[in-house]
Amino acid sequence: MIEYDFSAIEKKWQDFWVNNKIFKAEDFSDKPKYYVLDMFPYPSGSGLHVGHPEGYTATDILCRYKRMRGFNVLHPMGWDAFGLPAEQYAIETGTHPKITTEKNISTFKKQIQALGFSYDWDREINTTDEKYYKWTQWIFIQLYNKGLAYIDEVAVNWCPALGTVLANEEVIDGKSERGGHPVIRKPMKQWMLKITAYAERLLSDLEDLDWSEGIKEMQRNWIGKSTGAEVDFKVDGHDAEITVYTTRPDTLFGATYMVLSPEHKLVERITTPAQSAAIDAYRREAALKSDLDRTELNTEKTGVFTGAYAINPVNGKKIPIWIADYVLASYGTGAIMAVPSHDTRDFEFATKFDIPVICIIDPNAKDAAAENINVADVLAGKACWTGNGKMINSANEAGLDINGMEVTQSKAATIKWLEERGIGKGAVNYKLRDWLFSRQRYWGEPFPVIHMEDGSIRLVDEKDLPLTLPEMKEFKPSGTGESPLANAGEWLDYVDPETGMKGRRETNTMPQWAGSCWYYLRYIDPDNNSQAFDLEKEKYWMPVDLYVGGAEHAVLHLLYSRFWHKVLYDLGIVSTKEPFQRLVNQGMILGISYKDSRGALVPNDLVKHTPEGPVHMQTGEKLEEFPAKMSKSLKNVVNPDDVISEYGADSMRLYEMFMGPLEATKPWNTKGVEGVFRFLRRAWRMVAESEISDRKMDAEELRTLHATMKKVTEDLETMGFNTAISQLMVFVNEFSKCETLPREAAEKFVIMLSPFAPHIGEELWRILGKDDTIAYEPWPEFNEEFLKVDEVEILIQLVGKPKTRMMMPSDIDQKGMENLALANDEVKAAIAGKTVRKIICVPGRLVNIVAN
RNA sequence: GCCUGGAUGGCGGAAUCGGCAGACGCAACGGACUUAAAAUCCGUUGUCCGUAAGGACGUGAGGGUUCAAGUCCCUCUCCAGGUACCA
């Protein structure tokens, strides 16, 4: 008999799968299709961490299960390989990003293959491959032709000292992350994508998706739809109007001032000479601050009076116009009417600058009490009330009277009045902004764009794609804020072959999101050189049936790719409105960390384990164990390679799934790997090192087998991997007690184990005398018949408390249960002298006797 | 602040429709095997009281509904993720 030698077994079957293309997905098969997608990784230099294989293992188990269920499964993998780290490494070492990327991909691929995932490697894609980004560029051209791509002056984080533009996350407290140099806002010409044109569809189509409510809610918040009205205010003494957006048109009578964002285009025109110096100073200061700074310093409201007044259209009153950076240029119209009595921000501002507060809503007394707000204070303008109530002081002589109305009603009435007079209209607004689509980097897709001498923009002809990145030796920033491509020499030059007009190529590149926006479509037809993908194949495979990945992509990646997908849908080249039908986010895996009594973190290499618990190696102080994000500084990072070499890939996979529910955050505990490893060894011994017999199973064995088939099947359908594994453990615990193992039980168990631990599954299948792969064996069907028992243990409760247990026939009716229970000696003794009020019988479970 | 999750033994977690809380695994303890150890196997293990039989308590806290609540309702606390002057 052979020992369980995981390293030999795993190598053997991984080679077998790859060499025989066991997991090749077939286009247009008669079988039902099932498309399972993993979020493809950025192949970083540090290799795989234990978080990656969590989602990958879950999808792999499901794919293997679905194949056994007769599905034609598409399960591909690829590389999201453009990105900053390779470029930074290039700046430091001169190594071309292409070389770094290739090296990292090969490490990642080796690590992923060592886990035995059943990917169809013939469909591997790489976003930095010019055969791939040719089509990313092609999609950009389609976006441009549809009017969804435009150039705009947008402020970027410009760091003069580094001579480069920084991403938001590279700026900390207004300083560059590296070096701590000052960062300022500098307007630059940038490509924008008009995602806002799709805001409504991105919102409403969420409805039919099988995603967790949490993720849908995050997307809804990000899109941020609000309904209200736009209202025009005349400026006193000027031939000008200011349009404001408000969600509370009903509060117009309470508007006592108006605020423009510092960037508002009317500010210069309306500012009075006396105020202009102060206004200029304030605007200059605001321009230097990033949006982030503006919101971080949100403690004190600031602002300056322009000297001008607006006319409140409902009552003709003159109200002062201020500028303040709490009003953002990018939302709504960049101007607000301020109602300090019923908006907390306006109230703070008005209090600070002594602006009148006029109450126009009499608060609902109960609501006010619940929030500890004094109604008299609100009515006197000394407190702010944002809740419900009845309108007061809200009528004019021009036919608007909303006094006494509740909020919704008064809103509608006001909008109607404004619309009739042409001074306002109902309006909808979204927080969602257009997508800043250019980066000042080398390592990204070049835009297929030429800026011509005469100022026009020309797109590269589709037949001339891909526009490849030029070979360069230096990847340093250009120093002007442009991408390193500004130094690309001849590559930049373009001459129109017919007119001879000169042009210069776009030097921006696309962001990392671009390649990941449509990769799921390329897997469908990865080698197509005449189309992004074949339309018939797309119809066959789409949509993605299950998409699994980390929650960190909940908003941006998923929103951006949904947007591109809808554009492609409108172009008629994809057949579904949405790309990802079902989405599951795997939880984070935490490492074990330690802290001392003061709560200070202690790196794991300074911790000594004693029988009394962990202590500090140097001070001997007792430490407390707790889960924390894996990080280099805490030295609590678990490397999958180490786990695999010690316990094998099957144990690694099994443990990742056994830890807890896929979507939960859970701490890694290497002792737990040992536990599942022991289970696999027990399973090995049970099948490979004990006698397999053709004897008939007894009723109890049949029940265990069929209960296991039922539980594992149902748990796979709901992705309850941890409980499926525990049932397989129960099976092994039961059948290990048998002298000989019935052949049927052995075979069905090995089939059920194989999606979770495929290497040992294949090997045990061989040992059971089979000579084909187990990957396409039909999944075993359980039979409810065998789950039946003649007698069940019924709990007898007395007034809801467990009293005793007794056996009863399993098909007994409620009356029979009652009779048997009352005939029980213990029950008789317990209810002696008491009156039975009520008896509740739950078949198969319990009898509850209410007596006193 | 707001939105979304969550809180169950020493630890990770389990518990269809409200129906025996703690499956399965880890750790710990006891035993068998062994010269010994490892490995393996068998057993114990929610807490408290009790020699025992047995009893009381127990799913973040408090209240409620019910014959019966981890599960349903109300109030609160804490933790995680997201978001942040969005008018």
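It should be emphasised that the depicted structure is a prediction, and the values quoted were computed from it without experimental measurement. Order of the sequence lines fixes the chain letters, A, B, ..., with proteins taken first and strands second; residue numbering starts at 1 for each chain.
Residue A:Glu714 is out of contact with every strand shown, counting any heavy-atom pair closer than 4.0 Å. A:Asn733 comes within 4.0 angstrom of the backbone, heavy atoms only, and of no base. Among the protein residues, A:Ser226 comes within range of the sugar-phosphate backbone only, with heavy atoms under 4.0 Å from sugar or phosphate atoms but none that close to a base.
Comparing atom distances between the A:Arg845 side chain and each of B:G19, B:U40, B:C20 picks out B:G19 as nearest. Comparing B:G13, B:C85, B:C26 by their nearest atom to the side chain of A:Lys301 picks out B:C85. For A:Glu217, the side-chain atoms get nearest to B:C3 when compared with the rest of B:A87, B:C3, B:A15. Listed candidates were B:A14, B:U40, B:C57. Nearest to the side chain of A:Arg685 is B:U40. Of all nucleotides listed (B:A14, B:C20, B:A87), B:A14 comes nearest to the side chain of A:Pro661.
In this structure, the separation between CG on A:Leu328 and NE2 on A:His264 is 13.0 Å, given to the nearest 0.5 Å. With values rounded to the nearest 0.5 angstrom, A:Glu689 atom CD is found 13.0 Å from A:Arg682 atom CZ. In this structure, A:Leu432 CG and A:Glu200 CD are separated by 11.5 Å, a value rounded to the nearest 0.5 Å.
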**Message:** side chain to side chain contact (heavy atoms under 4.5 Å, CB included), that's the test. Do A:Val357 and A:Thr256 meet it? Break it down for me.
**Reply:** CA-CA 7 Å; A:Val357 179; A:Thr256 54; over 6 Å; no

**Message:** A:Asp715 vs A:Thr723, test: side chain to side chain donor-acceptor pair (under 3.5 Å). Steps then yes/no.
**Reply:** CA-CA 7 Å; A:Asp715 284 349; A:Thr723 46; 2.9 Å; yes

**Message:** Determine whether A:Asp250 and A:Arg248 satisfy the following criterion, salt bridge (Lys or Arg N to Asp or Glu O under 4.0 Å), listing intermediate values before the conclusion.
**Reply:** CA-CA 5 Å; A:Asp250 56 312; A:Arg248 298 292 302 272; 3.2 Å; yes

**Message:** One pair to check against salt bridge (Lys or Arg N to Asp or Glu O under 4.0 Å): A:Glu714 and A:Lys711. What are the steps and the verdict?
**Reply:** CA-CA 5 Å; A:Glu714 289 174 353; A:Lys711 178 87 179 132; over 6 Å; no

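A gap of 29 Å separates the P atoms of B:C67 and B:G6, to the nearest Å. Distance noted for atom P between B:U8 and B:A61: 10 Å (whole Å). Nucleotides B:U4 and B:C73 place their P atoms 15 Å apart, quoted to the nearest Å. Comparing B:A69 with B:U59, their C1' atoms are spaced 11 Å from each other, to the whole Å. B:C20 and B:A68 have their C1' atoms separated by 12 Å, given to the nearest Å. B:G70 and B:A87 have their C1' atoms separated by 44 Å, given to the nearest Å. As rounded to the nearest Å, B:C41 and B:G46 have C1' atoms that lie 27 Å from one another. On the C1' atoms, B:A28 is 42 Å away from B:U65, given to the nearest whole Å.
Rounded to whole Å, atom C1' of B:G25 lies 11 Å from atom CZ of A:Phe679. As a whole-Å value, the separation of A:Lys666 NZ from B:C26 C1' is 17 Å. Rounded to an integer number of Å, the gap from CD of A:Glu3 to C1' of B:U40 is 11 Å. A straight line from CZ of A:Phe658 to P of B:A23 spans 12 Å, rounded to a whole angstrom. The separation between A:Tyr655 atom OH and B:C11 atom C1' is 10 Å, rounded to whole Å. Atom OH in A:Tyr4 sits roughly 18 Å away from atom P in B:A39 (whole-Å rounding). The distance between atom CD1 of A:Ile215 and atom P of B:U83, rounded to the nearest whole Å, is 11 Å. A:Asp715 has its CG atom 15 Å from the P atom of B:C24, to the nearest Å.
Positionally, the nearest nucleotide of RNA chain B for A:Arg678 lies more toward the 5' end than for the other of A:Lys737 and A:Arg678. Along RNA chain B, the nucleotide nearest to A:Lys710 and the one nearest to A:Ile336 differ in position, and the one closer to the 5' end is contacted by A:Lys710.
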**Complete:** With B for base contact, S for sugar-phosphate-only contact and - for none (protein heavy atoms under 4.0 Å), nucleotides 67-82 of chain B reads B-------------SS

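With hydrogens and angles left out, the side chain of A:Arg805 and the base of B:C20 share a donor-acceptor pair within 3.5 Å. For a distance-only test at 3.5 Å, the side chain of A:Lys671 fails to qualify as a donor-acceptor partner of the base of B:C11.
Counting non-hydrogen atoms of other residues, nucleotides and ligands closer than 6.0 Å to NZ of A:Lys411 gives a total above 12.
In terms of phosphate contacts, A:Arg681 brings a side-chain nitrogen or oxygen within less than 4.0 Å of OP1 or OP2 of B:U40. An OP1 or OP2 oxygen of B:U40 is reached within less than 4.0 angstrom by no side-chain nitrogen or oxygen of A:Arg682.
If you look at A:Phe749 and A:Phe731, their ring centroids are closer than 6.0 Å.
Within 90° of 0 lies the glycosidic angle of B:G9, which makes this nucleotide syn. The glycosidic torsion of B:C17 lies within 90° of 0, which places this base in the syn conformation.
In this structure, A:Lys301 forms a cation-pi arrangement with A:Tyr326, its terminal cationic atom sitting closer than 6.0 Å to the ring centre and no more than 45° off the ring axis.
Within the shown strands, B:G1 is the pairing partner of B:U83 under the Watson-Crick or G-U definition, both distances less than 3.5 Å.
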